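Only one structure is covered here, and it is reproduced in the block below.
Residue numbers count from 1 along this sequence. All of these numbers come straight from a predicted model, not from anything done at the bench. Any value given below was found using the heavy atoms of this structure, including those in side chains, with hydrogens, waters and symmetry copies removed.
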Amino acid sequence: MADLGPVVWPPVPLRTERLVLREPAARDRAAYIDLFASSEVRTYLGGPRPRAELESAVPDVPGRRPGVFVVDHDGAMIGIVTLDRREAGRPGHVRPDAGEAELSYMFLPEAWGRGYALEACAAALGWFADAFPSEPVVLCTQVANDRSVRVAEKLGFTEMERFEEFGAEQWFGVWSSVPRSG
């Protein structure tokens, strides 16, 4: 997120009723590897990465860069939420110059079905709206990933279009902190 502008990173940890969104730490490495090696987590994200490859490639403090929030529940990483700029060459944009902020998230399977993704993403969007007032955020997920589409809709993302990318139909939505008229 360094190209998003002058923001303090990492921000003060974001606290919700049950979660803390914080910067990555060394203690997250094993969970980070589990996340990217999981066939369940990576079903709609190009498949799991080989654990041996991750073990040798993942740094001591994984994901340490602007835009990456570790989602912590009771002192343990259960997922990540990221805010990055969407690449101009990819389909799906709402601004003529592209480069919108894009929300992404992944959670370990044992954290699924408990509302953690919704709670964590809402906190990250709230932080983003304060840091970048009135800037839209986009989200793209496979149409087949009905759980992710439901989370996006509950967060207030509005479907803008569908398109083919990575060999699958994609759902593309936009969120804005600016109240909509109408």
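When atom types are taken as modelled, the side chain of Gln142 and the backbone of Tyr44 share a donor-acceptor pair closer than 3.5 angstrom. Using a distance-only test at 3.5 Å, with no hydrogens or angles considered, a donor-acceptor pair links the side chain of Trp175 to the main chain of Leu155.
Criterion: ILVMFWY side-chain heavy atoms under 4.5 Å apart, direct or through other members. Under it, Val61 and Trp9 are not part of a common hydrophobic cluster. Leu83 and Val68 fall into different hydrophobic clusters, defined by Ile, Leu, Val, Met, Phe, Trp and Tyr side-chain heavy atoms under 4.5 Å apart, directly or through other members. Note on Met106 and Phe128: same hydrophobic cluster, where clusters join Ile, Leu, Val, Met, Phe, Trp and Tyr whose side-chain heavy atoms are under 4.5 Å apart, directly or indirectly. When the side chains of ILVMFWY residues are joined at heavy-atom separations under 4.5 Å, either directly or via intervening members, Ile78 and Leu54 end up in a single hydrophobic cluster.
With sequence neighbours left out, the ring pair (Phe, Tyr, Trp, His ring centres under 6.0 Å) criterion links Phe107 to no other residue. A search for salt bridge (charged side-chain N to carboxylate O under 4.0 Å, His left out) contacts involving Glu153 returns nothing, not counting sequence neighbours. Applying the side-chain contact (heavy atoms from CB on, under 4.5 Å) criterion to Ala25, with sequence neighbours excluded, gives Arg22, Arg27, Asp28. Contacts of Asp60 classified as side chain to side chain donor-acceptor pair (under 3.5 Å), with partners at least two apart in sequence or in another chain: none. Residues meeting the ring pair (Phe, Tyr, Trp, His ring centres under 6.0 Å) test with Tyr105, sequence neighbours left out: none. Listed by chain and residue number, Pro10, Arg64 satisfy the side-chain contact (heavy atoms from CB on, under 4.5 Å) test with Glu23 (two or more places apart in sequence, or in another chain). Not counting sequence neighbours, His93 has no partner by the ring pair (Phe, Tyr, Trp, His ring centres under 6.0 Å) test. The side-chain contact (heavy atoms from CB on, under 4.5 Å) check on Thr43 picks up nothing, with sequence neighbours excluded. Under the side-chain contact (heavy atoms from CB on, under 4.5 Å) criterion, Phe163 pairs with Arg86, Pro91, Cys140, Glu161, Glu165, Gln170, Phe172, sequence neighbours left out. Annotation: salt bridge (charged side-chain N to carboxylate O under 4.0 Å, His left out) contacts of Asp34 (sequence neighbours excluded): Arg51. Applying the salt bridge (charged side-chain N to carboxylate O under 4.0 Å, His left out) rule to Glu159 yields the partners Arg162; only residues at least two apart in sequence or on another chain are considered. With sequence neighbours excluded, the residues satisfying salt bridge (charged side-chain N to carboxylate O under 4.0 Å, His left out) with Arg150 are Asp146.
Under a 4.0 Å N-O distance rule, the pair Arg29/Glu55 qualifies as a salt bridge.
Between Pro13 and Val20, the closest heavy-atom pair is CB-CG1, 3.8 Å. In terms of heavy atoms, Tyr116 sits closest to Ala111 at CD1-O, 3.4 Å. A pairwise comparison of heavy atoms in Val138 and Val94 identifies CG1-CG2, 4.1 Å as the closest pair. The two residues Ala37 and Pro48 come nearest to each other via the heavy atoms O-CB, 3.2 Å. The two residues Phe36 and Arg42 come nearest to each other via the heavy atoms O-CG, 3.6 Å. Here the closest non-hydrogen pair linking Pro62 and Pro24 is O-CB, 2.9 Å.
Asp84 CG to Arg65 CZ: the interatomic distance, rounded to the nearest 0.5 Å, is 4.0 Å. To the nearest 0.5 angstrom, Phe166 atom CZ is 9.5 Å from Leu45 atom CG.
Contact of the Met77 side chain with the Asp72 side chain is not registered, since no non-hydrogen atoms from C-beta on lie closer than 4.5 Å. You'll find the side chain of Trp112 reaches within 4.5 Å of the side chain of Val41, heavy atoms only. Counting only heavy atoms from C-beta outward, the side chains of Arg95 and Val174 never approach each other to under 4.5 Å. Proximity of Val149 to Phe157: side-chain heavy atoms (C-beta onward) are nowhere separated by under 4.5 Å.
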* Walk me through it: do Glu119 and His73 pass the test side chain to side chain contact (heavy atoms under 4.5 Å, CB included)? => CA-CA 11 Å; Glu119 188 173 330; His73 180 261; over 6 Å; no
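Each of Leu21, Val81, Leu19, Val71 was compared with Leu14 under the side-chain contact (heavy atoms from CB on, under 4.5 Å) criterion, and only Leu21 meets it.
Few gaps surround CD on Glu110; more than 12 heavy atoms of other groups in view lie less than 6.0 Å from it. Heavy-atom contacts from other residues, nucleotides or ligands closer than 6.0 Å to CD of Glu87 number 12 or fewer.
Trp127 and Phe69 have perpendicular rings, their planes meeting at more than 60° on a 0 to 90° scale where under 30° would count as parallel.
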